[in-house]
Amino acid sequence: MTNAETTATMHAIRQDTLGGPEVLKLVEVERPAPGPAEVLVRVHAAGVNPTDWWHRASGGLTGGAPVPLGWDVSGTIEEVGLGVTRFQAGDEVYGMPLLPRPAGAYAEFVVSPARHLARKPAGLSHVEAAALPVAALTAWQTLVESADVQEGQRVLIHAAAGGVGHLAVQIAKARGAYVIGTARAAKHDFVRALGADEVVDYTQTPFEDAVSDIDIVLDAVGGEYGPRSLKTLRAGGVVLSIASPEEAALGPVAAELGLRAVFSIVEPDHAGLSEITALVEAGKLRVAIDTVLPLAEAAKAHEIGESGRTTGKIVLTVAATATATATATSTAAAPTD
């Protein structure tokens, strides 16, 4: 008498220890299954973000333990869990599942709460769509929801050619703001093409000497950029910090000056994604792709990202042939009378 046990598996990037990019390995793991209000997404592409290498090296917000990396995802619904009515199998979706909790989007399949996803924007490839959620939601939630950016306001975007920055420039312009970006001289044409009204070469001129009367600063750099950015603000202005939790300490300093400083962590939000989709489909938001690599080269993607020299986003692709497999393990039971 023989009992057959079948387990669905998939390829995914995992790490056993915290450390540099070299700790990232392609392994075979058990394929997840969706629970109530969740969906299983067959991943076509996964975006790479600074939060990924921060969590890889330090454990980030997880208490120091290695976590399955990846939060940006674009793909197709493979299976829906109990109670899901927004999607059905075969729908093309994109989103940012679970952040800051582990999602594990560097994989062939990922489970997501249904309401952490939205339908993929028409006309975008999966690579383009996977580059959007974390960076675009960060820009949207800070500029629109936290600062309520308005027509005619002066907005300073640091690292304006970067993943968050290049989308923030476009979102601020779509809201009618006057936008100033900081970037190296080689990237000025790119930033201007996004709609920036001015670009400052921070390697040649301290930005706080070059700009003033700013209503909103979006700081994706961190460190000394926060305190220096306070010097550019007009009365009542705000610095929106997103680089590291330590920046929350800037709040009391700003308050003493009659200013505001806010540190925020991006949250999953299908309503925000729908706003981003509308901007994309209206031709007001486009994502720039710096590098595309296969899933197995996640370590190389992190090396490129940590160089700080990218323009736009890095994306990992999952090859169409690299689908989940069923591994059959047979065990022979002892004969019984």
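Just so you know, these numbers come straight off a predicted model, no measurement behind them.
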task = Show your working on side-chain contact (heavy atoms from CB on, under 4.5 Å) between V199 and T182 and close with a plain yes or no.
result = CA-CA 6 Å; V199 190; T182 63; over 6 Å; no

key: Residues D148, R175: salt bridge by 4.0 Å N-O rule   = yes

task = Under the side-chain contact (heavy atoms from CB on, under 4.5 Å) rule, what do H126 and K120 come out as? Steps first, then yes or no, please.
result = CA-CA 8 Å; H126 283 291; K120 183 174 72 67; 3.6 Å; yes

query = Yes or no on side-chain contact (heavy atoms from CB on, under 4.5 Å) for T142 and I242, after CA distance, side-chain angles and deciding distance?
reply = CA-CA 9 Å; T142 52; I242 61 173; 3.8 Å; yes

key: Any side-chain donor near an acceptor of the partner, D52 and Y106, under 3.5 Å   = yes

query = With distance as the sole test, does E256 use its side chain to make a donor-acceptor pair with the main-chain N or O of V253 at under 3.5 Å?
reply = no

message = Quick check against the 3.5 Å criterion: does T205 have a side-chain atom that pairs as donor or acceptor with the backbone of Y202?
response = no

Aromatic ring proximity, centroids under 6.0 angstrom, H55 and W71 = yes

V191 with V221, same ILVMFWY side-chain cluster at under 4.5 Å = no

query = Is K173 reaching over with its side chain to a backbone N or O of D197, donor-acceptor style, under 3.5 angstrom?
reply = no

task = Can you measure from OG (S112) to CG (L117) and round to the nearest 0.5 angstrom?
result = 3.5 Å

query = Looking at V169, L194, V164, which one forms a side-chain contact (heavy atoms from CB on, under 4.5 Å) with I157?
reply = V169

ask   = Under a 4.5 Å cut-off applied to non-hydrogen side-chain atoms, are P34 and L40 in contact?
value = yes

Closest non-hydrogen atom pair, A89 against V80 = N-CG1, 4.4 Å

inquiry  = Distance check, rounded to the nearest 0.5 Å: L250 atom CG versus R260 atom CZ?
reply    = 12.0 Å

query = Is it the case that more than 12 heavy atoms not belonging to D16 sit under 6.0 Å from its CG atom?
reply = no

query = Rounded to the nearest 0.5 Å, what separation is found between the CG atom of D219 and the OG atom of S241?
reply = 5.0 Å

request  = Report yes if some heavy atom in the side chain of V200 is under 4.5 Å from a heavy atom in the side chain of I180; otherwise report no.
outcome  = yes

inquiry  = A side-chain contact here means heavy atoms from C-beta on lying under 4.5 Å apart; do K300 and P21 qualify?
reply    = no

request  = Find the distance between OG1 (T291) and CD (E303) and round it off to the nearest 0.5 Å.
outcome  = 12.0 Å

task = Verify whether one side chain among T51 and N49 offers a donor that lies under 3.5 Å from an acceptor in the other.
result = no

request  = Look only at the side chain of E281 and the backbone of A122, and say whether a donor-acceptor pair between them is shorter than 3.5 Å.
outcome  = yes

message = Counting only heavy atoms not in E22 (residues, nucleotides, ligands), do more than 12 fall under 6.0 Å from its CD?
response = yes

query = What about L167 and L99, same hydrophobic cluster or not, with Ile/Leu/Val/Met/Phe/Trp/Tyr joined at side-chain heavy-atom distances under 4.5 Å?
reply = yes

query = Donor-acceptor pair, K187 side chain versus T310 backbone, under 3.5 Å?
reply = yes

inquiry  = So if I apply the side-chain contact (heavy atoms from CB on, under 4.5 Å) rule between K313 and each of L132, V287, D290, V48, which one comes out positive?
reply    = V287

inquiry  = Is the ring pair H166/F190 parallel, tilted or perpendicular, if the boundaries are 30 and 60 degrees?
reply    = tilted

Nearest heavy atoms of A131 and A135, plus distance in Å = O-CB, 4.4 Å

request  = Inspect the contact between R115 and D269 and indicate whether a charged nitrogen and a carboxylate oxygen are less than 4.0 angstrom apart.
outcome  = no

message = So V29 and M10, do their side chains get closer than 4.5 Å, heavy atoms only?
response = yes

ask   = Hey, is R56 close enough to E306 for a salt bridge, meaning N to O under 4.0 Å?
value = yes

ask   = Hey, does L240 have a side-chain heavy atom less than 4.5 Å from the side chain of V217?
value = no

query = Honestly curious: do V262 and L156 fall in one hydrophobic cluster under the side-chain, below-4.5 Å linking rule?
reply = no

request  = For the pair V127 and T317, evaluate side-chain contact (heavy atoms from CB on, under 4.5 Å) and give the outcome as yes or no after the intermediate values.
outcome  = CA-CA 7 Å; V127 167; T317 59; 3.6 Å; yes

query = Is any side-chain heavy atom of L137 closer than 4.5 Å to a side-chain heavy atom of L273?
reply = yes

inquiry  = Taking Y178's backbone N and O only, do any of them form a donor-acceptor pair with Q153's side chain (distance below 3.5 Å, no angle check)?
reply    = no

inquiry  = When you measure from the centre of the six-membered ring of F109, is the NZ or CZ of R31 closer than 6.0 Å and no more than 45° off the axis?
reply    = yes

message = For a quick test of reading the model, state the closest non-hydrogen atom pair linking A103 to L98 and the distance between them.
response = CA-CD1, 3.9 Å

ask   = Side chains of E28 and T9: donor-acceptor distance under 3.5 Å anywhere?
value = yes

inquiry  = Is it the case that the side chain of R14 and the backbone of P68 share a donor-acceptor pair, with hydrogens and angles ignored and the cut-off at 3.5 Å?
reply    = no

key: Donor-acceptor side-chain pairing of E92 and H44 below 3.5 angstrom   = no

query = Is it true that V179 and W140 fall in one hydrophobic cluster, defined by side-chain heavy atoms closer than 4.5 Å?
reply = yes

query = How many angstroms lie between CD1 in I304 and CD1 in I314, if you round to the nearest 0.5 Å?
reply = 5.5 Å

task = Write down the atom of A129, the atom of S74, and the distance for their closest heavy-atom approach.
result = CB-OG, 3.4 Å

inquiry  = Rounded to the nearest 0.5 Å, what separates atom CD in E275 from atom NE2 in H270?
reply    = 11.0 Å

request  = For the pair E128 (side chain) and S125 (backbone), establish whether a donor and an acceptor sit closer than 3.5 Å, ignoring hydrogens and angles.
outcome  = yes

key: Charged N-O contact under 4.0 Å between D91 and R119   = yes

inquiry  = Less than 4.5 Å apart, side chain to side chain, heavy atoms only: is that true for P294 and L316?
reply    = no

task = Can you label the angle between the Y225 ring and the H158 ring as parallel, tilted or perpendicular, going by 30° and 60°?
result = perpendicular

query = What are the two closest non-hydrogen atoms of L259 and A235, and how far apart are they?
reply = CD2-CA, 4.3 Å

Test item: I171 and V144 side chains (from C-beta on) under 4.5 Å apart, heavy atoms = yes

inquiry  = Tell me whether R42 contacts the main-chain N or O of G75 through its side chain, where contact means a donor paired with an acceptor under 3.5 Å.
reply    = no

request  = Check whether L24 and W53 end up in the same hydrophobic cluster, where Ile, Leu, Val, Met, Phe, Trp and Tyr are linked by side-chain heavy atoms less than 4.5 Å apart.
outcome  = yes

query = Is the shortest side-chain N to carboxylate O distance from R234 to D215 below 4.0 Å?
reply = yes

Exercise: identify the closest heavy-atom pair between A114 and V39 = CB-CG1, 4.2 Å

